[in-house]
Amino acid sequence: MIFQTTFEDPNTLARTGILELNGTKLETPVFMPVGTRGVVKTLRSEDLEELEYSLILGNTYHLYLRPGTSVLDRFGGLKKFMTWKKALLTDSGGYQVFSLNSLFKYEQDGVKFQSHIDGSRHYFTPGSVIDIQRSIGSDIMMVLDDCAPFDSSPERLRQSLERTHRWAEMSVDHWQKNKNSQHLFGIFQGGIDLEARMESLNAITSLPFDGIAIGGLSVGEPRRDFIRILEGIGPHTDRNRPLYLMGVGTVPDILDGVRNGVDMFDCVLPTRNARNGQVFTSKGKINLRNEKWKNSDEPMDPNCGCRVCERYSIGYIRHLHHVGEITAFSLSTFHNLFFMKSFLSEIRKSIQSGEFMKTYAKWKNLYEKPEFSG
């Protein structure tokens, strides 16, 4: 057992817990920065240490193509390669196969695809993606699954479930033949069809995974359907295992995820938005490219304790973005990840004090409004 619940909100499914991954203990709910190719863009491993992150995400598809498993094996895994001392989760790479390249073909036992880099041909199977993740050396490995588009036909959705469940069983068999300290999480699908969701949840939960992940949400579906599915499945999830909502990182979506029992989140949004000049603050989202910040000597967020807000003015950081200086990306990214760390900490404290819904209402009010105008 790698997860233990510590506090439960009396009015919702929100909870705090401890997730232990090969000596790294972290509190949940937790947000994971995305380090797709072995780095969180514009930041160093020591920056992540300063931010006190204990779990980041890497991408199996991209790391398989570059630098490749031979390099990762030579260095003893990604964590040694990037000098990361804490925990690492890797996705299976399946979603990138389907989303980055239209030249893929499903087979009974896997998927054939062409690299988006050079067109070379490759084949992922449930077993091979686990072997790749073993070369990467992640603490949490994700299984290969079939994420159908949210607006799929009933026939396509049925194919997705059958493929996802079959591959999950194959993944467990391969994992258990040569089990080590790496943990395996299963993924359930079902689109926005609640009956399909429940069928998939039950199938995946029946297998001996260390954690369960919700796949195929926040992939373009109307937000009311996102909420409806979370509320429908929340009461039926296994509370003895961590629940991971994949690819979700907006403030409102994290709040609704936590309200419905989710423990883990990841998303490129905080880092991607930072590079595009949008930062998250205690007053809402701010567009740093806006002309109105040109002469401001105030910090991006006067309530923020990060080293960026303590030292630099929003007028200066706006200037860096305006002229395309690379430093703008690293400063904004550092701030956004500091915000996310603080935001999740506030959520955990509110659950522990029995005031989660007050925190929920406060942040929902801030982040479902238009951009803060200053």
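With hydrogens and angles left out, the side-chain atoms of H335 and Y312 include no donor and acceptor closer than 3.5 Å. Side-chain contact annotation: T327 with S330, donor-acceptor N/O pair under 3.5 Å absent. Between the side chains of S128 and D131, not a single donor N or O lies within less than 3.5 Å of an accepting N or O. Side-chain atoms of H321 and N276 form no donor-acceptor pair, as typed in the model, at a separation below 3.5 Å. Remark: the H122 side chain and the S120 side chain contain an N/O donor-acceptor pair separated by less than 3.5 Å.
The same ILVMFWY cluster, assembled from side-chain heavy atoms under 4.5 Å apart, contains both F31 and I214. Note on L344: it clusters hydrophobically with Y367, by side-chain heavy-atom contacts below 4.5 Å among ILVMFWY residues. Transitive grouping of hydrophobic side chains (ILVMFWY, heavy atoms separated by less than 4.5 Å) brings V262 and L55 into a common cluster. Tracing side-chain contacts under 4.5 Å through hydrophobic residues (I, L, V, M, F, W, Y), one never reaches I286 starting from F329; they form parts of separate clusters. The cluster map of Ile, Leu, Val, Met, Phe, Trp and Tyr, joined by side-chain heavy atoms under 4.5 Å apart, puts V39 and V71 in different clusters.
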Item to check | From CA spacing to verdict: side-chain contact (heavy atoms from CB on, under 4.5 Å), T333, N336 | outcome: CA-CA 5 Å; T333 299; N336 270 1; 5.9 Å; no

Next on the checklist: If you apply the rule ring pair (Phe, Tyr, Trp, His ring centres under 6.0 Å), what do you find for F339 with W363, and how did you get there?
Outcome noted: CA-CA 13 Å; F339 171 90; W363 287 105; 5.6 Å; yes

Next on the checklist: Between R348 and T16, does the side-chain hydrogen bond (donor to acceptor under 3.5 Å, both in side chains) criterion hold? Intermediate values first, please.
Outcome noted: CA-CA 6 Å; R348 291 193 299 270; T16 62; over 6 Å; no

Checklist entry - Can L43 and L337 be said to form a side-chain contact (heavy atoms from CB on, under 4.5 Å), step by step? => result CA-CA 10 Å; L43 297 186; L337 289 185; 3.7 Å; yes

Checklist entry - Which is it for S282 and N303 under the side-chain hydrogen bond (donor to acceptor under 3.5 Å, both in side chains) test, yes or no, and what are the steps along the way? => result CA-CA 7 Å; S282 59; N303 300 317; 2.9 Å; yes

Checklist entry - Yes or no on side-chain contact (heavy atoms from CB on, under 4.5 Å) for V30 and Y53, after CA distance, side-chain angles and deciding distance? => result CA-CA 9 Å; V30 64; Y53 277 96; over 6 Å; no

Next on the checklist: Pair Y61, V97 - check side-chain contact (heavy atoms from CB on, under 4.5 Å), show working.
Outcome noted: CA-CA 7 Å; Y61 169 86; V97 167; 3.8 Å; yes

Next on the checklist: Apply side-chain hydrogen bond (donor to acceptor under 3.5 Å, both in side chains) to residues S54 and T24 and explain how you reach the verdict.
Outcome noted: CA-CA 7 Å; S54 297; T24 297; over 6 Å; no

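Side-chain atoms of T237 come within 3.5 Å of backbone atoms of G234 as a donor-acceptor pair (strictly under, hydrogens ignored). Side-chain atoms of T125 never come within 3.5 Å of backbone atoms of D109 as a donor-acceptor pair (strictly under, hydrogens ignored). Proximity of a side-chain donor or acceptor of T281 to a complementary backbone N or O of K283 within less than 3.5 Å is detected. With D91 contributing its side chain and T60 its backbone, the two residues share a donor-acceptor pair below 3.5 Å. Distance alone, capped at 3.5 Å, places no donor-acceptor pair between the R275 side chain and the I326 backbone. At least one donor-acceptor pair under 3.5 Å links the side chain of S200 to the backbone N or O of Q189. Side chain of Q182 to backbone of Q133: a donor-acceptor contact under 3.5 angstrom is found. Remark: side-chain polar atoms of E325 are not paired, donor with acceptor, to backbone N or O of L320 under 3.5 angstrom. Using a distance-only test at 3.5 Å, with no hydrogens or angles considered, no donor-acceptor pair links the side chain of D266 to the main chain of M246. For S345 (side chain) and K341 (main-chain N/O), no donor-acceptor pair under 3.5 Å exists by modelled atom type.
Heavy atoms from other residues, nucleotides or ligands lying under 6.0 Å from CZ of R289 number more than 12. In E195, the CD atom is not crowded: 12 or fewer heavy atoms of neighbouring residues, nucleotides or ligands sit closer than 6.0 Å. With a 6.0 Å radius and a threshold of 12 heavy atoms from other residues, nucleotides or ligands, K362 has its NZ atom above the threshold.
Salt-bridge check for R241 with D210: failed, with every basic side-chain N at 4.0 Å or more from each acidic carboxylate O. Ionic pairing of D146 and R156 is present here: one or more N-O contacts between side-chain nitrogen and carboxylate oxygen are shorter than 4.0 angstrom. Between K86 and E49 there is no salt bridge, since no side-chain N of the basic residue sits under 4.0 Å from a carboxylate O of the acidic one. Taking a cutoff of 4.0 Å between a charged side-chain nitrogen and a carboxylate oxygen, R158 and E199 qualify as a salt bridge.
Taking 4.5 Å as the limit, every side-chain heavy atom of I212 sits out of range of all side-chain heavy atoms of F185.
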Donor-acceptor contacts under 3.5 Å from residues 134-144 side chains, at least two apart:
unit_1	atom_1	unit_2	atom_2	d
R134	NH2	W175	O	3.1
R134	NH2	N178	O	2.9
S135	OG	D73	OD1	2.9
S138	OG	T90	OG1	2.6
S138	OG	I140	O	3.4
D139	OD1	N22	ND2	2.8
D139	OD1	K79	NZ	3.4
D139	OD2	K79	NZ	2.8
D139	OD2	L88	N	2.9

Please tabulate, one pair per line, all N/O donor-acceptor pairs under 3.5 Å involving side-chain atoms of residues 251-261, not counting sequence neighbours.
unit_1	atom_1	unit_2	atom_2	d
D253	OD1	R223	NE	2.9
D253	OD1	R223	NH2	2.8
D253	OD2	T250	OG1	3.3
D256	OD1	R259	NE	3.2
D256	OD1	R259	NH2	2.9
D256	OD1	Y360	OH	2.5
D256	OD2	R223	NH1	3.4
D256	OD2	R223	NH2	2.8
D256	OD2	K364	NZ	3.0
R259	NE	Y360	OH	3.4
R259	NH1	E231	OE2	3.3
R259	NH2	E231	OE2	3.1
N260	ND2	D256	O	2.8

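For Y244 and F265, the ring centers sit 6.0 Å or farther from each other. Residues F75 and W84 place their aromatic rings such that the two centres sit no closer than 6.0 Å. Taking the six-membered ring for Trp and the full ring otherwise, Y64 and F124 have centroids separated by under 6.0 Å.
Shortest non-hydrogen contact noted between I347 and P29 is CG2-CG, 4.4 Å.
A salt bridge (charged side-chain N to carboxylate O under 4.0 Å, His left out) check over residues 300-318, counting only residues at least two apart or in different chains, returns the pairs D47-R307, E50-R307, E291-R318.
Judged by the 6.0 Å and 45° rule, R121 forms no cation-pi pair with F113.
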